[in-house]
Peer 1: 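Below are the structure tokens for one structure; questions will follow.
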Amino acid sequence: MDDHLLNKIPAIAGGNPVREKEKYIIFGSPRIDEEEIQEVVETLRSGWIGTGPKVKKFEEMIQNYLNAKNAVALNSCTAALHLSMLATGIKEGDEVITTPMTFAATANSIAHTGAKPVFVDIKKETMNIDPRKIEDAITEKTKAIMPVHFAGRPCEMDYINNLANKYGLIVIEDAAHALGAEYKGKKIGSLGNPTCFSFYVTKNITTIEGGMVTTDDEVFANKIKILGLHGMSKDAWKRFSDEGYKHYFVNYRGFKYNMTDVQASLGIHQLPKIDQWHNIRTEIWNRYNKAFKDLPVILPAPEEEDTKHAKHIYNLILKTEELIKDRDWILDSLHREGIGGGVHYTSLHLHPIYRRMGYKPGHFPNTEYIGDRTLTLPLSAKLNEQDVEDIISAVTKVLNYYSR
Ligand SMILES: *Cc1c(COP(=O)(O)O)cnc(C)c1O
């Protein structure tokens, strides 16, 4: 067969791949510029590589960017979620309401406190928790609601906050996808609730591993800071600094969740570029929407009025009834074209750990529907013109080929 024909056949079916193996697009591969690298090297040479002045600077920068009253850096968003619940007093026997359309860390962090994650189904269009279904899930044991701003799309926070007020619950926001998102003119992270961000490798900005809690409440912020560093008295990280040795007190059975200055070195140069990178992702987003509008897929819903979507995840919902192959086959086909895709997410309640808690297929039909059909495409600010073109070519080729 000649190349012209082979180019129209997916690599998985014997055709030519859009990209060769050496040029594989790794899903979520982050953008790291020279200034980040320089800062990391400087920090390594400085003699102070653990928690220190650069972490403090990064906290202040996040605080200013979000217009939040307090920000505490930790080594992950998982740690941020865990400590936010402990600082609230959530414990064994309690229940926390959340969405099953999320990463395992959300529900795991609830389970770590001994509390039970109580899932509530999503809205298919927004893929966020359906706030009108929350009330039915509230019991005597409910202590908190943990909404996730899925893909960077803000949840209906007024409705959720009002419900929480009515029942005396705390809201802890999982904003792992949502750095830069806005709700009614305010940045997510400045609405007053404890809000947890992630700087994991694939997120909008990265410190390799890293997380942050923002909150209105200074006492709460201090509790998190103490619990995140062995339960030692505040500012114990300075105990070996050039200010001279300081005694400290261990008041709680704390954790080792602190961020290091090496990590913060990345953060302090990534954060100032967040809006510029959002523009790059928005351009890619719009190109995808335009390129895929006639394929058998549902495009991401438009932004809700008076909100800003952080555009962390671009996921297509495959119209599987119009395809002769399922999502996993399409995902694999893209992989064979040299494009790394993702699944955000298989509904959490279907994982063995949560099935053992009594959850079953059929419990959350909307989440399961999305979970079976969703396909995430690369959206990193690192992607260049050719990358985006190739992703579009590969998706178009594969979906056309497998259309009924
Ligand atoms: C990435 C992610 C987390 C966990 O973040 P880490 O910083 O890796 O601990 C939590 N929730 C959601 C929704 C995520 O996507």
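First listed ligand is number 1; within each ligand, the first listed atom is number 1. Position 1 is the first residue of the sequence, and the numbers go up from there. Note that the coordinates shown come from a computational prediction; the quantities given were computed from them, not determined experimentally. Keep in mind that the numbers below use all heavy atoms, side chains included, and drop hydrogens, waters and symmetry copies.
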Peer 1: Determine whether the aromatic ring centres of His82 and His112 lie less than 6.0 Å apart.
Peer 2: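 Ring centroids of His82 and His112 are less than 6.0 Å from each other.
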
Peer 1: Can the positive tip of Lys186 be found less than 6.0 Å from the middle of the six-membered ring of Tyr183, inside 45° of the ring normal?
Peer 2: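 Checked: cation-pi criterion not met.
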
Peer 1: Classify the ring geometry of Phe255 against Tyr257: parallel below 30°, tilted from 30° to 60°, perpendicular beyond 60°.
Peer 2: parallel

Peer 1: Does the Lys NZ or Arg CZ of Arg356 fall within the cation-pi geometry relative to Tyr354 - under 6.0 Å from the ring centre and within 45° of the axis?
Peer 2: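 No, Arg356 and Tyr354 do not form such a contact.
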
Peer 1: Flag this pair as yes if the NZ/CZ of Lys187 is under 6.0 angstrom from the six-membered ring centre of Tyr65 and inside a 45 degree cone about the axis; otherwise no.
Peer 2: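 Yes.
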
Peer 1: Is it the case that the ring center of His344 lies less than 6.0 angstrom away from the ring center of Phe103?
Peer 2: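 No: the rings miss the under 6.0 Å criterion.
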
Peer 1: So what's ligand 1 close to, N/O to N/O, under 3.5 Å?
Peer 2:
residue  : atom   : partner : partner atom : Å
ligand 1 : 5 (O)  : Ser198  : OG           : 3.3
ligand 1 : 7 (O)  : Cys77   : N            : 2.8
ligand 1 : 7 (O)  : Ser198  : OG           : 2.7
ligand 1 : 9 (O)  : Cys77   : N            : 3.3
ligand 1 : 9 (O)  : Thr78   : N            : 2.9
ligand 1 : 9 (O)  : Thr78   : OG1          : 2.5
ligand 1 : 11 (N) : Asp174  : OD1          : 3.3
ligand 1 : 11 (N) : Asp174  : OD2          : 2.8
ligand 1 : 15 (O) : His177  : NE2          : 2.7
ligand 1 : 15 (O) : Lys203  : NZ           : 3.2
ligand 1 : 15 (O) : Tyr345  : OH           : 3.2

